[in-house]
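This report refers to the structure that appears directly beneath it.
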There are 2 protein chains.
Amino acid sequence: MKARKTATRRLRAPSLPAAALHRAEQLCTKAGERLTPARINAYAELLTQKNPISAYELLALMEQREGRKLAPLTVYRQLDFLVRVGLVHKLTSAQAYVACEHPDHPHDTLYLVCSSCGKADELESERVAELLSKAARSRGFKPGKAIVEVPGLCQTCRQPPDGADGIGVAGAR
Amino acid sequence: MKARKTATRRLRAPSLPAAALHRAEQLCTKAGERLTPARINAYAELLTQKNPISAYELLALMEQREGRKLAPLTVYRQLDFLVRVGLVHKLTSAQAYVACEHPDHPHDTLYLVCSSCGKADELESERVAELLSKAARSRGFKPGKAIVEVPGLCQTCRQPPDGADGIGVAGAR
DNA sequence: AACAATAACGTTATAACGTAACACTATACA
DNA sequence: TGTATAGTGTTACGTTATAACGTTATTGTT
């Protein structure tokens with residue numbers, strides 16, 4: 001067997017793309033929040049992920065990246081921050097976190113979540129937001145940002161390529 | 001101090017109203033599921049609750065009711081069943097369970113959830129369901145039942161009566 | 001620059017939520 | 001009346017999240 005190129009050794013911090021960093025800084029300034037190095041690291045790590053990941057998965061990634069043990073609380077605080085400023089959404093039905101695809105303006109959490117591969121597709125829908133907000137207000141309810149998660153099967157998982165068996169992928173959440 | 005009328009002694013099983021029982025039986029027959037005594041008890045206990053409760057709160061209620069210790073798994077299995085047949089909804093953002101107000105037909109989970117008192121108001125919206133379903137299908141995504149949870153403040157908590165301080169109620173989830 | 005006020009971070013411990021594995025029991029149906 | 005299947009009980013364990021408290025860094029003010 002050939003030597004693995006990427007063993008479990010410590011890695012450098014993932015560099016947050018300049019554009020993303022700039023947007024994040026603007027968001028935080030506007031919200032009166034501080035964008036610290038630790039928070040940038042957590043956000044950068046999340047941005048490297050294709051699919052939503054759990055807080056503990058993020059913890060493991062960051063530990064590997066930084067080459068030291070971290071407490072769960074550290075990661076939870078950073079996630080709380082990222083969700084608060086709108087850079088990240090929490091998918092409560094999967095207990096997983098994913099970087100927002102258009103964090104420029106605050107909006108509801110609205111995702112299609114594949115039960116097979118774990119992929120989460122973010123949608124935008126002014127109409128859904130409006131319907132929910134109107135329904136809430138008509139009942140005297142003051143609404144916050146809605147959570148909308150549609151479980152199901154993504155296109156890829158519905159049309160398995162030759163040789164696939166339709167059984168869920170290991171690690172799918 | 002006078003003796004309390006309802007101490008922590010064992011209580012009888014809450015009687016499930018006949019109409020509710022009948023509806024539940026029909027639902028289960030239609031779904032090919034069995035409505036066992038243990039499941040009826042769990043459902044009846046949930047029906048006595050005004051607000052959503054956690055699995056462990058339900059566990060404690062049932063233990064008190066039955067006068068013996070139960071394993072968490074027991075309650076989780078009964079909750080899984082009740083959710084599966086549509087008698088109960090899970091509010092994932094609050095990790096809590098609540099009896100459905102119109103279990104006669106299957107539908108999305110759609111609630112206004114008060115962050116202060118924990119109350120959950122179930123809504124119906126064919127339009128939201130349709131919008132989400134269409135958005136999903138247009139992306140090749142095969143949707144299951146959507147989860148829609150709108151956090152916020154209910155009318156009561158927005159208009160605190162004299163003497164109230166607007167601070168959250170102990171036990172609010 | 002020195003100070004106070006506040007926000008963020010680190011550490012330890014623990015609470016809350018949920019599931020795996022396996023043996024046993026009840027029900028349904030041939 | 002067997003036999004297959006679904007449900008239940010029990011023990012143990014895994015995952016997710018927070019409490020409490022002290023330290024460090026940043027900000028805004030003299």
Problem - Lys/Arg N to Asp/Glu carboxylate O, A/Arg84 vs A/Glu33, below 4.0 Å - result: yes
Exercise for the section: Determine whether the side chains of B/His107 and B/Glu122 contain a donor N or O and an acceptor N or O closer than 3.5 Å. Expected result: yes
Problem - Salt bridge A/Glu130-A/Arg137, side-chain N to carboxylate O under 4.0 Å - result: yes
Handout entry: d(CG, A/Leu58; P, D/dT15) in whole Å
Key = 16 Å
Exercise for the section: Round to the nearest Å and state the distance from A/Leu79 atom CG to D/dT16 atom P. Expected result: 12 Å
Problem - Side-chain N,O (A/Thr36) to OP1/OP2 (C/dC9) below 4.0 Å - result: yes
Fill in the blank from the handout: Among the nucleotides D/dT10, C/dA8, D/dG7, whichever has the atom closest to the side chain of A/Glu33 is C/dA8
Completion exercise
Atom CG of B/Leu82 and atom P of D/dG7 are separated, to the nearest Å, by 12 Å
Practice task
For the residue pair B/Ser54 and B/Gln95, confirm or rule out a side-chain donor-acceptor distance under 3.5 Å.
Solution key: no
Handout entry: Nearest-Å distance for atom pair CD1/P, residues B/Ile53 and C/dC17
Key = 11 Å
Practice task
Hey, could you give me each pair passing salt bridge (Lys or Arg N to Asp or Glu O under 4.0 Å) that has a residue in residues 105-121 of chain B? Not counting sequence neighbours.
Solution key: none
Practice task
May I have the distance from B/Arg39 (atom CZ) to D/dG7 (atom C1'), rounded to whole angstrom?
Solution key: 6 Å
Exercise for the section: Report yes if the distance between the aromatic ring centroids of A/His89 and A/Tyr97 is under 6.0 Å, otherwise no. Expected result: no
Exercise for the section: Rounded off to whole Å, could you give me the CD-to-P distance for the B/Glu57 and C/dA15 pair? Expected result: 17 Å
Give me, pair by pair, the N or O atoms of the protein and of nucleotides 18-27 of chain C that are less than 3.5 Å apart, along with how far apart they are.
residue : atom : partner : partner atom : Å
C/dG18  : OP1  : B/Lys90 : NZ           : 3.0
C/dG18  : OP2  : B/Tyr76 : OH           : 2.9
C/dG18  : O5'  : B/Tyr76 : OH           : 3.4
C/dG18  : N7   : B/Tyr56 : OH           : 2.7

Exercise for the section: Check the distance between C/dG10's P and A/Leu70's CG and give it to me in whole angstrom. Expected result: 7 Å
Handout entry: Atom pair distance, as rounded to whole Å: CG in B/Leu59 and C1' in D/dG9
Key = 13 Å
